[in-house]
Amino acid sequence: MNRHHSPLARAVYQELLGSFGEGQVAALRGSPALEERSGRRYWYDSYRVGDRVRKRYIGEDTPDLAKRMALHREDARRKKEGAAHRARLVRLLRAEGFLPIDGGTGAVLNMLAKTGLFRTGGTIVGTCAFRLYEGELGLPLGSLSAAGTDDADMVRFERLSLALDDRVDASLPESFRDLEFAPVPGPDGVTVWKCRQTRSGAVIDFLTPSIRGGEGIRDLPALGTSARSLDFLDYLIADPVKAAVAYRSGVLVQVPRPERYAIHKLVVADRRQGGPDAAKARKDRAQAAFLIAALARDRPEALRLAYEAAIGNGVRWRDRIAASLKRMPQTFSVLEAL
């Protein structure tokens, strides 16, 4: 079992996580700017995307709007001070050995956070979520056994999976266009549930829980996209937790509870047996084994409840979990001893 991060690192992470508030999501993406045209004055939201500055129209200048913009500037000043403090905390975490995140992934997560997606139910799943348990559990994840991959892969954006519902504050399609993400048609050449960043090749999959059984593609009109509807996903994303991404001044996101992630990986691993998915199944089992061992030591009651909830979901769940645990005798012993 890996050693824990230092007490300092764990304290710094909790301070970073606690420093975020509801005010982190605002109606304006940048700074309000007043421009005059033909003798009349107009407010614009001026914000930067990469090396470009974008402007979004707010409205014609009025005393009421000017007052609102003044309040926004004061709020922005306080947020800037908070961001500087969080940036110091992020630097401390990196110095204490927290796994780095690449700029592409950090920029995308930051953009998604600003849309309100995580605040209103969006949840990161998959390996990206696993890597963020470093702060939640206070455990380094840089070893091969923990990540199930090599060190180079640990810091390279390959794929991000997002579990969504139909609630979000801002327009995801517009935000994705700003970062040069384009829809990727599925095998039929028409249906879209993923997008790719043209300059980096980064891919984002949109997922949603299956309704009334049966998997397929489900439209999410409020988000301007579709998503792959998956069985077992509702268990994974029930009652998620907040996580702080150690990127720039920090990003507040949402991930599944680690105990549910671990048990869910046992289910997913069995679904991936054979063919090209065999390597993914091995990684699923490695992540599950790592988390189950850590949680059995530090949070045994939470792990036991998550395991019992999954087993109680019916024969399909029990069979898939049992099939994975046949390949993992040590992990099976850990769960049986709870």
Side-chain angles (χ1 to χ4, degrees), residues 1-21 24 82 85-102 105-106 109 113 118 123-151 153-155 236-266 283-307 330-331 334-335 337-338:
M1 172 61 62
N2 284 5
R3 61 178 179 80
H4 284 89
H5 274 298
S6 70
L8 172 61
R10 283 177 280 168
V12 168
Y13 178 81
Q14 290 303 319
E15 183 177 350
L16 176 63
L17 188 62
S19 69
F20 293 96
Q24 293 304 309
H85 175 62
R86 291 194 303 274
R88 289 192 291 272
L89 296 177
V90 168
R91 289 195 294 272
L92 274 173
L93 289 177
R94 298 289 292 274
E96 287 292 310
F98 262 62
L99 193 67
I101 189 168
D102 69 282
T105 303
L109 294 178
F118 300 119
T123 304
I124 300 172
V125 296
T127 297
C128 186
F130 176 80
R131 293 170 184 174
L132 294 177
Y133 291 138
E134 182 171 25
E136 172 71 15
L137 300 177
L139 289 171
L141 301 180
S143 71
L144 299 181
S145 60
T149 185
D150 58 43
D151 290 340
D153 185 55
M154 292 293 288
V155 295
L236 175 64
I237 63 176
D239 196 21
V241 297
K242 301 297 183 184
V245 182
Y247 170 76
R248 293 190 177 179
S249 59
V251 182
L252 185 65
V253 301
Q254 188 163 259
V255 296
R257 289 191 171 277
E259 59 272 17
R260 284 184 174 255
Y261 183 98
I263 302 302
H264 183 263
K265 281 298 180 183
L266 297 177
K283 184 169 72 171
D284 290 335
R285 291 193 295 270
Q287 291 182 0
F290 179 90
L291 290 176
I292 288 169
L295 292 164
R297 179 187 62 192
D298 297 339
R299 304 181 187 181
E301 183 64 12
L303 178 61
R304 182 182 66 79
L305 291 174
Y307 182 48
Q330 186 173 353
T331 299
V334 170
L335 289 173
L338 291 174

Heavy-atom check, side chain of [X] versus side chain of [Y], under 4.5 Å:
{"X": "Val255", "Y": "Ile237", "answer": "no"}
{"X": "Thr123", "Y": "Val253", "answer": "no"}
{"X": "Ser249", "Y": "Arg88", "answer": "no"}
{"X": "Leu17", "Y": "Lys242", "answer": "yes"}

Output the distance between atom [atom1] ([X]) and atom [atom2] ([Y]), rounded to the nearest 0.5 Å.
{"X": "Gln287", "Y": "Ile292", "atom1": "CD", "atom2": "CD1", "value": "11.5 Å"}
{"X": "Glu96", "Y": "Arg91", "atom1": "CD", "atom2": "CZ", "value": "14.5 Å"}
{"X": "Cys128", "Y": "Leu109", "atom1": "SG", "atom2": "CG", "value": "5.0 Å"}
{"X": "Arg86", "Y": "Leu92", "atom1": "CZ", "atom2": "CG", "value": "14.5 Å"}
{"X": "Leu338", "Y": "Arg304", "atom1": "CG", "atom2": "CZ", "value": "8.0 Å"}
{"X": "Leu132", "Y": "Leu137", "atom1": "CG", "atom2": "CG", "value": "11.0 Å"}

Without swapping roles, check the side chain of [X] against the backbone of [Y] for a donor-acceptor pair under 3.5 Å.
{"X": "Tyr261", "Y": "Gly126", "result": "yes"}
{"X": "Arg257", "Y": "Asp239", "result": "yes"}
{"X": "Tyr13", "Y": "Ala244", "result": "yes"}
{"X": "Arg10", "Y": "His5", "result": "yes"}
{"X": "Glu134", "Y": "Leu99", "result": "yes"}

Can you name the closest pair of heavy atoms from [X] and [Y] and give their distance?
{"X": "Ala262", "Y": "Leu291", "answer": "CB-CB, 3.8 Å"}
{"X": "Thr331", "Y": "Ala289", "answer": "OG1-CB, 3.5 Å"}
{"X": "Leu236", "Y": "Pro256", "answer": "O-CB, 3.3 Å"}
{"X": "Val12", "Y": "Leu89", "answer": "CG1-O, 3.5 Å"}
{"X": "Leu93", "Y": "Ala246", "answer": "CD1-CB, 4.5 Å"}

Scan side-chain atoms only and decide if Tyr307 and Glu259 contain a donor-acceptor pair under the 3.5 Å cut-off.
no
Evaluate whether atom CD of Glu301 has more than 12 neighbouring non-hydrogen atoms of other residues, nucleotides or ligands under 6.0 angstrom away.
yes
Parallel, tilted or perpendicular: which fits the ring planes of Phe130 and Phe290, with parallel below 30° and perpendicular above 60°?
perpendicular
Do you know which of Thr105, Ile101, Val245 makes side chain to side chain contact (heavy atoms under 4.5 Å, CB included) with Val251?
Val245
With side-chain contact (heavy atoms from CB on, under 4.5 Å) as the test, would you mind laying out the steps for Val125 and His264 before giving the verdict?
CA-CA 11 Å; Val125 296; His264 183 263; over 6 Å; no
